Amino acid sequence: MNSDIDILVKMEFKKGMYQNFCNLHKRLEEIFQKKVDLVDESMFEYKFKNPKV
């Protein structure tokens, strides 16, 4: 199986945070040796949220 990894994150974009976000993304792909998608929790509509996830 060759799937990617989706990681739900909570981001606060402040000065300098974009570089940190890019570095995190790159490092996670190096660690897992797979494509990683970092998804901000705000991308989900309320009706799809599940407190157990």
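Note: hydrogens, waters and symmetry copies are ignored here, and every other heavy atom, side chains too, is used. Remember, predicted model here, so these are calculated numbers, not experimental data.
Here Lys26 does not pair with Glu29 in a salt bridge; the nearest charged N to carboxylate O distance is not below 4.0 Å.
No single ILVMFWY cluster, assembled from side-chain heavy atoms under 4.5 Å apart, contains both Tyr18 and Leu24. Residues Met17 and Val39 are members of separate hydrophobic clusters, defined by side-chain heavy-atom contacts under 4.5 angstrom among Ile, Leu, Val, Met, Phe, Trp and Tyr.
Annotation: the span from Asn23 atom CG to Leu28 atom CG amounts to 11.0 Å, rounded to 0.5 Å.
Among all heavy-atom pairs drawn from Asp40 and Leu8, the shortest one is C-CD1, 4.0 Å.
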